[in-house]
**Student:** 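Dropping a structure here in C-alpha cells format, bear with me for questions.
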Amino acid sequence: MADKLTKRADDYAQWYNDLVLKADLAEHSDVRGCMVIEAARLCDLGEDAIRIGRYVQGHRPRECILPTLHSQKLSRQGGQPCGRLREGMCRGHTLPPKSDPVHGVVVDPTAKLEEELIIRPTSETIIWNTYRGWVKSYRDLPLLINQWANVVRWEMRTRLFLRTAEFLWQEGHTAHATREEAVEETERMLQVYTTFAEEYLAIPVIRGVKTASERFAGAEDTYCIEAMMQDGKALQAGTSHFLGQNFAKAFDVVFANKENQQEHVWATSWGVSTRLVGALIVTHSDDNGLVLPPKLAPTQVAVVPIAKNAEQMEAVKDYFAPALAAMRAKGITVKFDDDDTKKPGWKFAEYEFKGYPVRIAIGPQDMENGTVEVARRDTMEKQVMQVIDLAEKVEHLLKPSKATSSESLGIA
RNA sequence: CGGGGCGUAGCGUAGCCCGGUAUCGCGCCUGCUUUGGGAGCAGGAGGUCGUCAGUUCGAAUCUGGCCGCCCCGACCA
C-alpha cells in the first residue's frame with residue numbers, strides 16, 4: 001500500500017520508516033533491532049561485494065571467512081583497544097528431543113558454558129590472534145584480508161538499515177611493515193569508499209577525520225565519509241582506521257625486518273555496511289517513494305501493457321517485441337508486466353513507489369501511432385516516444401544526468 | 001537505561017470508559033463485468049483479542065503481574 005507515505009517535511013524519520021516498510025525493502029524481525037532485508041528489491045549484495053572489490057585497485061585483499069564466536073579470554077587479551085566493546089554472549093543449547101520436534105531449540109539449563117563466548121561486534125580480536133601466527137617476516141607483509149560478515153552490537157536505539165543490532169558489513173584488516181605504509185593504506189581505502197559512494201551509489205559524501213571521542217577505541221586515527229541526509233543531518237557512511245601498533249602489541253604480532261630486528265606491525269581496518277543501503281534510500285528518494293539511480297536498480301525499466309483481453313495483450317507483445325529485444329541487447333534490464341490480475345493504474349503507482357527508473361506504457365493508441373509513453377521516475381516527467389528507436393532513447397535516459405560528486409556541491 | 005505509545009484475521013483498525021465470544025477497510029478465494037493513474041458488483045474463507053493470574057454466571061473490555069515491539073532521548077567503536 002503506497003497510498004499513505006508520510007511527507008518528508010511533516011516527519012522525516014517517519015517518512016523514512018514508511019518508505020522502507022511500504023516499499024518492501026525490509027521488515028522487522030521478531031528480535032528488537034534486527035531486520036529481514038529484501039535484497040532483491042534494492043540490489044544484489046553479493047554482486048556489490050564484488051563491485052566494491054573492483055574499486056580496490058592494485059593489491060586487492062584476499063577474501064576470508066572468520067568465526068562468529070570467540071572466547072572471552074581472547075577478548076580480554078585485546079585489552080585497552082577493545083575496552084569499549086559492548087559484547088554479546090552465548091549460552092549452551094540443545095537440539096529438541098525427537099519426540100517433540102515442534103518446540104525447537106531450547107536453552108539447556110544444565111549446559112552453561114564454562115566460559116561464555118563472545119558474538120563478534122567486529123573482528124579485530126580474531127584477526128589479530130590469527131595474524132600472530134601468519135606474520136613472521138617482512139616478506140609476509142603487507143597482509144591484506146577482507147571479509148563479509150554479520151556482526152552484532154546491542155545498540156540502545158535502532159533504525160532500519162541506518163542502525164541495526166545485527167548488520168552485514170565488509171571489514172578489511174591489514175598489517176604493514178611501516179607506519180607510513182599503514183597510513184597510506186588508511187587513506188587509500190577512504191578514497192576507495194569515496195569513489196564507490198559517489199560513482200557507484202551516486203551518494204555525495206564529505207570526507208573527514210573523527211575527533212578523539214568519536215574514533216574507534218583501538219585507533220590512532222579514524223577517517224570517515226559522511227553522507228548528508230535530506231533533513232540536514234550527517235550520516236557516517238564508511239570508516240577507515242589507522243590502528244598504529246595497538247593491536248600488534250596487544251596480540252604480540254611481530255616480524256623480522258631486513259636487519260633481522262623484531263618489530264611490531266602497523267595496522268589498518270576499514271568497513272562499510274548495510275547502512276550504505278539506508279544512505280542510498282535517504283539520498284535519492286522523495287515524497288512519492290523510492291528513487292534508485294539507474295545503475296543500481298535491479299530492474300531499470302518496467303513496461304505496462306494496456307489491453308482489454310488476451311488477444312490485445314498478444315498484439316501489444318508483438319508490437320513491443322523488437323524494442324524489448326533491442327533494450328535487452330543493450331544490457332538494459334526490463335520487466336514486461338503482463339500480469340492480468342493487476343490493472344495498469346495499479347502498476348503505475350507500484351513501480352513509481354518502488355523506484356523503477358523508467359516506466360513505459362503501451363496501449364491501443366500507441367499501436368496506431370507507432371509510439372509508447374515513457375515516464376522517468378527521478379523527474380516524474382512523461383513523454384511520448386516513437387517505438388522505432390526506443391532502445392537508444394531509453395539508454396540515454398538511464399545515463400546519470402546530474403553531477404553527484406561532493407565537489408559539485410561545493411562541500412569538498 | 002529514562003520518557004511516551006501500542007499489542008484484536010496476512011496488513012491496518014473499531015470495540016474497552018459503561019462486561020454478554022468481535023467492527024470496518026485493504027489483501028485473499030469464486031463468478032460476472034472491467035483495463036491509458038491504485039476497478040465495480042455479488043458471494044465466500046480466515047481470529048488462542050500478546051501472555052499469566054484474579055474478579056464475575058459470563059472478560060477483548062475491569063484488576064494485578066509478566067513479555068514483546070515501535071517512537072523520542074542518552075548511546076552509536
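By convention in this document, chain letters (A, B, ...) are assigned in the order of the sequence lines, proteins followed by strands, and residues within each chain are numbered from 1. Only heavy atoms go into these numbers, but all of them, side chains included; no hydrogens, no water, no symmetry mates.
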**Student:** Any base atoms under 4.0 Å from A:T158, or only sugar-phosphate, or nothing? Heavy atoms, all strands.
**Tutor:** sugar-phosphate
**Student:** Within the 4.0 Å heavy-atom criterion, would you say A:E373 contacts the bases, only the backbone, or no part of the nucleic acid?
**Tutor:** base
**Student:** For nucleotides B:U23 and B:G4, find the distance between their P atoms and express it as a whole number of Å.
**Tutor:**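 To the nearest whole Å, 34 Å.
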**Student:** Are A:E171 and A:S123 linked by a side-chain donor-acceptor pair shorter than 3.5 Å?
**Tutor:**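 Yes, a side-chain donor-acceptor pair sits under 3.5 Å.
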**Student:** Please state the P separation for the pair B:G20 and B:C67 - nearest whole angstrom.
**Tutor:**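 That atom pair is separated by 30 Å.
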**Student:** Salt bridge between A:E350 and A:K347, side-chain N to carboxylate O under 4.0 Å?
**Tutor:**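 Looking at A:K347 together with A:E350, the answer is no, because their closest N to O distance does not fall below 4.0 Å.
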**Student:** Using atom types as modelled, flag every donor-acceptor pair under 3.5 Å from a side chain in residues 325-335 of chain A to any protein atom, sequence neighbours excluded.
**Tutor:**
| from | atom 1 | to | atom 2 | distance (Å) |
| --- | --- | --- | --- | --- |
| A:R328 | NH2 | A:V334 | O | 2.9 |
| A:K330 | NZ | A:E395 | OE1 | 3.4 |
| A:T333 | OG1 | A:Q300 | N | 2.9 |
| A:T333 | OG1 | A:Q300 | OE1 | 3.4 |
| A:K335 | NZ | A:Y351 | OH | 3.3 |

**Student:** With rounding to whole Å, what would you report as the distance between B:C28 and B:A74 at their C1' atoms?
**Tutor:** 45 Å
**Student:** Using a 4.0 Å heavy-atom cut-off, does A:K382 contact any base of the nucleic acid, only the sugar-phosphate backbone, or nothing at all?
**Tutor:** base
**Student:** Can you tell me, in whole Å, how much space there is between the C1' of B:G50 and that of B:G68?
**Tutor:** 7 Å
**Student:** How is A:V304 classified with respect to the nucleic acid when contacts are heavy atoms under 4.0 Å: base, sugar-phosphate, or nothing?
**Tutor:** nothing
**Student:** Would the A:W346 and A:F348 ring centres measure less than 6.0 Å apart?
**Tutor:** no
**Student:** Identify whether any heavy atom of A:R359 sits under 4.0 Å from a base atom; if not, whether one sits that close to sugar-phosphate; answer base, sugar-phosphate or nothing.
**Tutor:**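 Base, at least one base heavy atom under 4.0 Å.
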**Student:** Hey, does the side chain of A:H284 reach the backbone of A:A202 with a donor-acceptor pair shorter than 3.5 angstrom?
**Tutor:** yes
**Student:** Within the 4.0 Å heavy-atom criterion, would you say A:Q365 contacts the bases, only the backbone, or no part of the nucleic acid?
**Tutor:** base
**Student:** Any idea which of B:U35, B:A77, B:C70 is nearest the A:R32 side chain?
**Tutor:** B:C70
**Student:** State which of B:C69, B:C28, B:C75 makes the closest approach to the side chain of A:E155.
**Tutor:**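 Selected nucleotide (nearest to the side chain): B:C75.
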**Student:** The side chain of A:A349 lies closest to which of these nucleotides: B:A77, B:U35, B:G38?
**Tutor:** B:G38
**Student:** Given atom CZ of A:R159 and atom C1' of B:C70, what is their separation to the nearest angstrom?
**Tutor:**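 For the pair A:R159 CZ and B:C70 C1', the rounded distance is 12 Å.
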**Student:** Between atom CH2 in A:W154 and atom C1' in B:C69, what is the gap in whole Å?
**Tutor:**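 From A:W154 CH2 to B:C69 C1': 12 Å.
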**Student:** Would you mind reading off the distance between A:K308 atom NZ and B:G36 atom P, rounded to a whole angstrom?
**Tutor:** 8 Å
**Student:** For a quick check under 3.5 Å, do A:T341 and A:D339 share a side-chain donor-acceptor pair by atom type?
**Tutor:** yes
**Student:** If you check every side-chain atom of A:M156, which of B:A77, B:A74, B:U35 has the closest atom?
**Tutor:**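 Of all the options, the side chain of A:M156 is nearest to B:A74.
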**Student:** Heavy atoms under 4.0 Å, any strand shown: does A:A307 hit a base, just sugar-phosphate, or nothing?
**Tutor:** base
**Student:** Between N or O atoms, less than 3.5 Å apart, protein on one side and nucleotides 4-10 of chain B on the other: list the pairs.
**Tutor:**
none

**Student:** Return the polar atom pairs (N/O with N/O) between nucleotides 39-41 of chain B and the protein under 3.5 Å, or none.
**Tutor:**
| from | atom 1 | to | atom 2 | distance (Å) |
| --- | --- | --- | --- | --- |
| B:A39 | O4' | A:K343 | NZ | 3.4 |

**Student:** C1' atom, B:C1 versus B:U51: distance in rounded Å?
**Tutor:**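 Roughly 25 Å separates the two C1' atoms.
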**Student:** Work out how far the P atom of B:C26 is from that of B:C41, and round it to whole angstrom.
**Tutor:**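 The same atom, P, in both gives a distance of 9 Å.
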**Student:** When the P atoms of B:C6 and B:G15 are compared, how many Å lie between them, rounded to an integer?
**Tutor:** 12 Å
**Student:** Respond yes when some side-chain nitrogen or oxygen of A:H28 is under 4.0 Å from OP1 or OP2 of B:C70, and no when none is.
**Tutor:** yes
**Student:** Charged N to carboxylate O below 4.0 Å: is that the case for A:K210 and A:D221?
**Tutor:**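 Salt bridge absent between A:K210 and A:D221.
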**Student:** When the C1' atoms of B:U21 and B:G47 are considered, how many whole Å apart are they?
**Tutor:** 11 Å
**Student:** B:C70 phosphate, OP1 or OP2: any side-chain N/O from A:N17 under 4.0 angstrom?
**Tutor:** no
